[in-house]
Amino acid sequence: MINKVVSGAEEAIKDISDGATLMLGGFGLCGIPENCINALVNKQVKNLTCISNNAGVDDFGIGLMLKQRQVKKMISSYVGENAEFERQLLSGELEVDLIPQGTLATRCLAAGYGMPAIFTPAGVGTEVAEGKEVRNFDGKDYLMEYAFDADFAIVKAWKGDTAGNLIFRSTSRNFNPVMAMAGKITIAEVEELVEAGELDPDYIHTPGIYVHRIFQGKDYEKRIEQRTVRIKS
Amino acid sequence: MAFSKEEIAQRIAKEIKDGYYVNLGIGIPTLVANYIPKGINVVLQSENGLLGMGPFPFEGEEDADLINAGKQTITTLPGSSIFDSAMSFGMIRAQKVDLTILGAMEVSENGDIANWKIPGKMVKGMGGAMDLVASAKNIIVAMQHINKAGESKLLPKCTLPLTGVRCIKKIVTELAVLDILPEGGFKLLERAPGISVDFIQQSTAGRLIVEGEIPEMRLD
């Protein structure tokens, strides 16, 4: 079996350089590649284009990269909860492409499935449609949206094996599997790295062919954005 | 008396039928989950990738890996399933979800909705709202009829950037339940207890259609 294991986040991101386009998995702070984000912050690569559903919060996740002005352009669906982001956006320091969440996910999917574009009704008749080709199928209008073209996809999984197969846990799955399929080079950090053969092939979410580098992550904070509980009665 | 947010949610919950898969947006729509009629089976979809959303966890049982689309900690239920974001919007686009309930800043008399951006002020993004409104077969909007200054949010034409066009068919506000007719116009169906048709007329900038007696909204 081909061995995809690298020593850690630093080695995994070693060839990510200024101006690269990155996909980063996660929804809010759930399932984000914490180790790789920290390594990117330490490496201080700049002028990055980041494709990620959200932009973290001020002091965690992609927010850490924003604070250091490492991000030139953000492609996201929802960027609330980040004051620094909003400041950079309104002042024009940061280029932002806000796109519908389903469009974001499906443009990743298209890249991973080898399809150049998709047709979606999301955004028809809105400013999202500006400059885009509209096609009518069975009386309904659809926008043509291109597959993403990302240099690197960086994802976080629960378990992975040395062959790069991945299993995600609960709703931390979110964008991770579709981004894992979509990168020219895909980097996966996992909570538990095991030998090939230890994961049941029937339960693999992302086949190892899509993953180029995998490593055992460490020190996961797994911060909760909105802690909501009910009282035991 | 105008309805509270809870009462708007309670009224909307009456529209939910046995066997429905339902997506609830953030804000008033989230409250609808508290009022789903007893004895019917409903599955809540959370567009980050979950069917069968359960209640908030008990204190100490929160799981950072298990959240809803509002990023709140939640639980699963027997029969829940989890999937990636592309599949989540796949089932929305393919109209497998029976009912979408979401909030709005403005709705126009031809069914356009604006709920994601105030130019120069609020730029948070549309999240899944554009996908939901473009694809859902049945959408109910939960919104305030008038803003704090008393200005109508039910308009002839939206002034804010649109989320979707000609997609809204039903609205529940603190004052009324209204349908948007295919040919355009807000058709008044019910009014909040003690709220007059005249007041609703004054509070609706778009074309209001009133036919016959308008009953009061009931929550039971």
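Protein chains get the first letters and strands the later ones, always in sequence-line order, with residue 1 at the start of each.
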So how far is it from [X] [atom1] to [Y] [atom2], rounded to the nearest 0.5 Å?
| X | Y | atom1 | atom2 | result |
| --- | --- | --- | --- | --- |
| A:Ile75 | A:Leu24 | CD1 | CG | 11.5 Å |
| A:Ile187 | A:Phe215 | CD1 | CZ | 8.0 Å |
| A:Ile231 | B:Phe58 | CD1 | CZ | 9.5 Å |

Under a 4.5 Å cut-off applied to non-hydrogen side-chain atoms, are [X] and [Y] in contact?
| X | Y | result |
| --- | --- | --- |
| B:Tyr20 | B:Ile36 | no |
| A:Phe60 | A:Ile37 | no |
| B:Leu189 | B:Leu178 | no |
| A:Val71 | A:Leu94 | yes |
| A:Ile62 | A:Ile32 | no |

query: What part of B:Phe56 gets closer than 4.5 Å to chain A, counting heavy atoms only: side chain, backbone, both or neither?
result: both
task: Against chain A, label B:Ala129 side chain, backbone, both or neither, depending on which of its atoms sit under 4.5 Å from a heavy atom there.
output: neither
message: Is it the case that atom CD1 in A:Ile209 sees more than 12 heavy atoms from other parts of the structure closer than 6.0 Å?
response: no
B:Met87 atom CE, neighbour heavy-atom count above 12 within 6.0 Å: no
Hey, which of [options] has the most heavy atom pairs under 4.5 Å with chain A?
| options | result |
| --- | --- |
| B:Gly120, B:Gly128, B:Pro57 | B:Pro57 |
| B:Gly125, B:Gly90, B:Gly164, B:Cys167 | B:Gly125 |
| B:Ala86, B:Ala114, B:Gly70, B:Gly49 | B:Ala86 |

message: So for A:Val128, is it side chain, backbone, both, or neither that comes closer than 4.5 Å to the heavy atoms of chain B?
response: side chain
task: Under 4.5 Å heavy-atom distance to chain B, tell me which part of A:Ile99 shows up: side chain, backbone, both or neither.
output: backbone
- request: Could you please state which residues from residues 140-156 of chain B sit under 4.5 angstrom from chain A, measuring non-hydrogen atom to non-hydrogen atom, sorted by number, or 'none'?
  value: none
task: Could I get the full list of side-chain contact (heavy atoms from CB on, under 4.5 Å) partners for B:Val43, not counting sequence neighbours?
output: B:Tyr21, B:Leu51
All inter-chain donor-acceptor pairs under 3.5 Å (chain B, chain A):
{"from": "B:Phe56", "atom 1": "O", "to": "A:Arg230", "atom 2": "NE", "distance (Å)": "2.5"}
{"from": "B:Pro57", "atom 1": "O", "to": "A:Arg230", "atom 2": "N", "distance (Å)": "2.8"}
{"from": "B:Glu62", "atom 1": "OE2", "to": "A:Arg227", "atom 2": "NH1", "distance (Å)": "2.8"}
{"from": "B:Asp63", "atom 1": "OD1", "to": "A:Arg169", "atom 2": "NH1", "distance (Å)": "3.1"}
{"from": "B:Asp63", "atom 1": "OD2", "to": "A:Arg169", "atom 2": "NH1", "distance (Å)": "3.1"}
{"from": "B:Asp63", "atom 1": "OD2", "to": "A:Arg169", "atom 2": "NH2", "distance (Å)": "2.6"}
{"from": "B:Asp65", "atom 1": "O", "to": "A:Ser170", "atom 2": "OG", "distance (Å)": "3.4"}
{"from": "B:Asp65", "atom 1": "O", "to": "A:Thr171", "atom 2": "N", "distance (Å)": "2.9"}
{"from": "B:Asp65", "atom 1": "O", "to": "A:Thr171", "atom 2": "OG1", "distance (Å)": "2.7"}
{"from": "B:Asp65", "atom 1": "O", "to": "A:Ser172", "atom 2": "N", "distance (Å)": "3.2"}
{"from": "B:Asp65", "atom 1": "OD1", "to": "A:Lys222", "atom 2": "NZ", "distance (Å)": "3.4"}
{"from": "B:Asp65", "atom 1": "OD2", "to": "A:Arg169", "atom 2": "NH1", "distance (Å)": "2.7"}
{"from": "B:Asp65", "atom 1": "OD2", "to": "A:Lys222", "atom 2": "NZ", "distance (Å)": "2.8"}
{"from": "B:Ile67", "atom 1": "N", "to": "A:Thr171", "atom 2": "OG1", "distance (Å)": "2.9"}
{"from": "B:Lys71", "atom 1": "O", "to": "A:Gln226", "atom 2": "N", "distance (Å)": "3.4"}
{"from": "B:Thr73", "atom 1": "N", "to": "A:Gln226", "atom 2": "O", "distance (Å)": "3.1"}
{"from": "B:Thr73", "atom 1": "N", "to": "A:Thr228", "atom 2": "OG1", "distance (Å)": "3.1"}
{"from": "B:Thr73", "atom 1": "O", "to": "A:Thr228", "atom 2": "OG1", "distance (Å)": "2.8"}
{"from": "B:Thr73", "atom 1": "OG1", "to": "A:Thr228", "atom 2": "N", "distance (Å)": "2.8"}
{"from": "B:Thr73", "atom 1": "OG1", "to": "A:Thr228", "atom 2": "O", "distance (Å)": "2.6"}
{"from": "B:Thr73", "atom 1": "OG1", "to": "A:Thr228", "atom 2": "OG1", "distance (Å)": "3.1"}
{"from": "B:Ile82", "atom 1": "O", "to": "A:Arg173", "atom 2": "NH2", "distance (Å)": "3.3"}
{"from": "B:Ser85", "atom 1": "N", "to": "A:Asn174", "atom 2": "O", "distance (Å)": "3.0"}
{"from": "B:Ser85", "atom 1": "OG", "to": "A:Asn174", "atom 2": "O", "distance (Å)": "3.3"}
{"from": "B:Ser85", "atom 1": "OG", "to": "A:Phe175", "atom 2": "N", "distance (Å)": "3.4"}
{"from": "B:Arg93", "atom 1": "NH2", "to": "A:Gly102", "atom 2": "O", "distance (Å)": "3.3"}
{"from": "B:Arg93", "atom 1": "NH2", "to": "A:Thr106", "atom 2": "OG1", "distance (Å)": "2.7"}
{"from": "B:Lys117", "atom 1": "NZ", "to": "A:Glu127", "atom 2": "OE2", "distance (Å)": "2.8"}
{"from": "B:Lys124", "atom 1": "O", "to": "A:Val79", "atom 2": "N", "distance (Å)": "2.5"}
{"from": "B:Met126", "atom 1": "N", "to": "A:Ser77", "atom 2": "O", "distance (Å)": "3.1"}
{"from": "B:Gly127", "atom 1": "N", "to": "A:Ser77", "atom 2": "O", "distance (Å)": "2.8"}
{"from": "B:Gly127", "atom 1": "O", "to": "A:Gln101", "atom 2": "N", "distance (Å)": "2.9"}
{"from": "B:Gly128", "atom 1": "N", "to": "A:Gln101", "atom 2": "OE1", "distance (Å)": "3.3"}
{"from": "B:Asp131", "atom 1": "OD1", "to": "A:Gly102", "atom 2": "N", "distance (Å)": "3.2"}
{"from": "B:Asp131", "atom 1": "OD1", "to": "A:Thr103", "atom 2": "N", "distance (Å)": "3.3"}
{"from": "B:Asp131", "atom 1": "OD2", "to": "A:Gln101", "atom 2": "N", "distance (Å)": "3.2"}
{"from": "B:Asp131", "atom 1": "OD2", "to": "A:Gly102", "atom 2": "N", "distance (Å)": "2.9"}
{"from": "B:Ala134", "atom 1": "O", "to": "A:Lys140", "atom 2": "NZ", "distance (Å)": "2.8"}

Sequence-distant partners of B:Lys14, salt bridge (charged side-chain N to carboxylate O under 4.0 Å, His left out), two or more places apart: none
message: Tell me which of these, A:Ala122, A:Gly102, A:Gly125, has more heavy-atom pairs under 4.5 Å with chain B than the rest.
response: A:Gly102
- prompt: Which atom names give the shortest non-hydrogen contact between A:Cys108 and A:Val178, and what distance separates them?
  reply: CB-O, 3.7 Å
